[in-house]
Amino acid sequence: MVKILLLDAYSAAHMGNTALLDSSMDNLKAAVPEAQFAALAKAPESYAAFTDCACYTDLFPGLFAPERRRGWRLIPWLAVNGLWAMANIVNLGVLRRVGVSISPLAYTFNPARRRAVQALLDAGMVITISGEMLNEVFRKLLPFILCTYWIAQRLGKPMIVFPQSIGPFTIPWLTRLTSAVLRGCDLVMARDEPSFAEARRLGVPAERLHFVPDVAIRQPMASPARAAALLAEAGVDVHARPLIGLTVSDFLDSSASAGERPYLDALARLCEYLAGERGVQLVFLTANRALYGEEQDDAPVAERLYNILSEEARVRVVRTQRLYSAREFKAMAAHLDVFITTRMHAGIMATMAGAPTIALGTQRKLEGYMALIGQAEYAVPVKEATYERLRALVEQALSDGPSIRTRLAAARSELEPRSLEAGRLVRALWNSRGSV
């Protein structure tokens with residue numbers, strides 16, 4: 001038996017995170033069936049309804065809770081967590097090197113952190129499943145994220161980076177810090193070509209670096225009956241065709257002034273055309289909800305888009321409100337004729353369910369994924385998401401639906417075995433340590 005601790009599970013309020021946790025365990029179980037799992041997350045309680053995996057808070061409680069680090073709260077948070085980080089640097093980086101062994105529990109007094117530390121000490125292997133935290137968007141948090149990986153390394157745990165996006169890095173000190181920690185990992189897996197190149201630039205040894213597709217490509221899905229019931233519950237007529245889904249998220253185009261959302265205006269015109277002239281039924285599928293202390297919520301963005309529409313168009317729009325698991329989301333996406341998304345894992349769920357998908361890229365990861373599955377022509381940088389271009393792509397997707405589904409099925413058949421390489425690499429590492 002091997003105890004595997006999964007890091008950076010974050011929160012089930014994000015469908016993408018439930019996909020990463022669910023798919024990672026499924027992937028690892030295929031290669032290491034005797035594995036037992038635990039996870040560290042921002043909101044460990046959020047996973048109770050989705051998994052039986054034991055979940056604990058992150059080593060740095062509140063790291064992903066801005067309300068605990070804003071204004072004057074930042075000073076006590078930094079003092080407490082910075083002091084604990086320094087204690088580990090002295091203990092594991094200095095004393096342990098000269099033969100003095102002190103358990104981190106000796107200077108860990110926060111009950112939640114003690115449970116996380118104990119889970120780390122009990123682990124046979126440690127794997128980060130974050131998906132996209134290794135980049136400068138998280139520059140204020142990344143030193144603490146990397147400190148967690150470094151602590152695992154200094155405790156002698158095999159430290160593994162499961163398939164995810166890496167970079168880009170341009171800030172010198174952060175580049176050096178990330179490089180030092182990643183070079184100390186036993187396995188680093190990049191899920192797209194730009195990330196693989198970035199990891200090589202950071203100096204990850206070739207024998208430890210691998211290009212492995214996102215594990216969510218093999219995400220299990222709920223039954224068709226369950227999906228139909230969920231859609232009907234939301235008010236969708238699953239027999240009315242065509243049925244087009246949208247998942248929209250909130251981000252500000254850096255070229256726009258505050259309050260402007262050019263991509264929403266383009267989508268609003270598209271929805272008017274589809275619901276009006278084309279008689280299409282539209283369903284706004286929420287992937288993120290403001291639950292468990294989360295701030296990101298797709299529902300208000302969908303509401304903003306809905307409110308732009310005319311009364312005639314709104315009649316043909318259904319807005320979902322509840323939180324769906326990755327299994328449910330994927331099964332619901334299978335009913336769609338076309339799916340439009342700004343979210344990475346919503347796109348993975350839809351394409352791997354066979355739905356022709358148009359991806360509005362907010363980061364390079366989404367465009368990289370669409371290229372990987374042979375659908376680069378349906379990936380549009382969000383700044384280039386004009387009404388005319390989106391309308392042409394939707395018409396093309398509707399017209400070529402059967403052909404696209406065939407190509408997506410071929411991509412799935414090719415990528416699913418490749419995604420299993422993640423678990424096989426972990427198994428090989430475990431075997432090489434003489435641990436079985």
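Put simply, the side chain of I373 reaches to within 4.5 Å of the side chain of L415, judged on heavy atoms. M332 places none of its side-chain heavy atoms less than 4.5 Å from the side chain of R327. Between D8 and M133 the shortest side-chain heavy-atom distance falls below 4.5 Å. Residues T341 and L246 fail the side-chain proximity criterion, which asks for heavy atoms closer than 4.5 Å. Here the side chains of F37 and K29 are in contact, with some heavy-atom distance below 4.5 Å. Proximity of S310 to E272: side-chain heavy atoms (C-beta onward) are separated by under 4.5 Å at one or more points. Residues T286 and V301 are not in side-chain contact: their nearest non-hydrogen atoms beyond the backbone lie 4.5 Å or more apart.
The OG1 atom of T18 sits 7.5 Å away from atom CG of L323, with the distance rounded to the nearest 0.5 Å. Atom CZ of F64 is separated from atom OG1 of T57 by 10.0 Å, given to the nearest 0.5 angstrom. Between Y10 atom OH and S130 atom OG the span is 11.5 Å, to the nearest 0.5 Å. Taken to the nearest 0.5 Å, the CZ atom of R322 stands 11.0 Å off from the CG atom of L291. Atom CG in L243 sits 7.0 Å away from atom CG in L231 (nearest 0.5 Å). For the atom pair CG of D265 and CD1 of I308, the computed distance is 5.5 Å after rounding to the nearest 0.5 Å.
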Run the side chain to side chain contact (heavy atoms under 4.5 Å, CB included) test on R201 and E198 for me, step by step, so that the C-alpha distance in whole Å, both residues' side-chain angles and the decisive distance to 0.1 Å come before the verdict.
CA-CA 5 Å; R201 188 180 72 85; E198 185 77 0; 2.8 Å; yes
After noting the C-alpha distance and the side-chain angles of V188 and H210, does the key distance pass the side chain to side chain contact (heavy atoms under 4.5 Å, CB included) rule?
CA-CA 6 Å; V188 175; H210 302 268; over 6 Å; no
Given salt bridge (charged side-chain N to carboxylate O under 4.0 Å, His left out), test R433 with D186 step by step and report yes or no.
CA-CA 11 Å; R433 293 290 183 100; D186 295 88; 2.4 Å; yes
Please assess R418 against E421 for the test salt bridge (charged side-chain N to carboxylate O under 4.0 Å, His left out), listing each intermediate value before the final yes or no.
CA-CA 5 Å; R418 287 175 57 189; E421 183 66 12; over 6 Å; no
Before giving the answer on salt bridge (charged side-chain N to carboxylate O under 4.0 Å, His left out), spell out for K42 and D58 the whole-Å C-alpha distance, their side-chain angles and the decisive distance to 0.1 Å.
CA-CA 6 Å; K42 173 196 171 183; D58 294 310; over 6 Å; no
Quick one: do N81 and R113 satisfy side-chain hydrogen bond (donor to acceptor under 3.5 Å, both in side chains)? Show the steps, please.
CA-CA 10 Å; N81 288 278; R113 182 154 32 212; 2.9 Å; yes
Set out, in order, the CA-CA distance, both residues' side-chain angles and the distance that settles salt bridge (charged side-chain N to carboxylate O under 4.0 Å, His left out) for E34 and K3, then state yes or no.
CA-CA 9 Å; E34 71 274 26; K3 292 184 177 181; over 6 Å; no
side-chain hydrogen bond (donor to acceptor under 3.5 Å, both in side chains) for Q118 and Y56? Distances and angles first, verdict last.
CA-CA 10 Å; Q118 188 62 63; Y56 309 97; over 6 Å; no
List the steps and the verdict of side chain to side chain contact (heavy atoms under 4.5 Å, CB included) for T320 and V283.
CA-CA 7 Å; T320 63; V283 53; 4.0 Å; yes
Show your working on side chain to side chain contact (heavy atoms under 4.5 Å, CB included) between N288 and D297 and close with a plain yes or no.
CA-CA 5 Å; N288 288 20; D297 196 332; 5.9 Å; no
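In this pair, Y273 and Y387 present their aromatic rings perpendicular. The plane angle is above 60°, beyond the 30 to 60° band.
When each of I127, L429, V204 is checked for a side chain to side chain contact (heavy atoms under 4.5 Å, CB included) with L187, only L429 meets the rule.
The two residues A359 and L366 make their nearest non-hydrogen contact at CB-CG, 3.7 Å. Contact between D22 and P220 at its shortest, heavy atoms only, is OD2-CD, 4.4 Å. Pairing each heavy atom of M349 with each of K330, the nearest pair is O-CG, 3.5 Å. Here the closest non-hydrogen pair linking I4 and A35 is CD1-CB, 3.8 Å. T357 and M370 get closest at one heavy-atom pair: O-CE, 3.4 Å. For the residue pair Y324 and M15, the shortest heavy atom distance occurs at O-CG, 3.9 Å.
Between the side chains of E136 and T170, a donor-acceptor pair is found at a separation under 3.5 Å. No side-chain donor from either of S249 and D298 sits under 3.5 Å from a side-chain acceptor of the other. A side-chain donor from one of S195 and D192 sits under 3.5 Å from a side-chain acceptor of the other. Looking at Q375 and Y369, their side chains never bring a donor and an acceptor atom within 3.5 Å of each other. Side-chain N/O atoms of H345 and N17 include no donor and acceptor closer than 3.5 Å. Side-chain contact check for D52 and Y47: no donor-acceptor pair (N or O, by modelled atom type) lies under 3.5 Å. Under 3.5 Å, the side chains of E132 and S165 contain no donor-acceptor pair of N or O atoms.
For F60, the ring-ring contact (aromatic ring centres under 6.0 Å, His included) partners at least two apart in sequence or on another chain are W84, F144.
F284 and Y306 have their aromatic ring centers separated by at least 6.0 angstrom.
Cation-pi geometry between R139 and F169 is not satisfied (NZ or CZ under 6.0 Å from the ring centre, within 45° of the ring normal).
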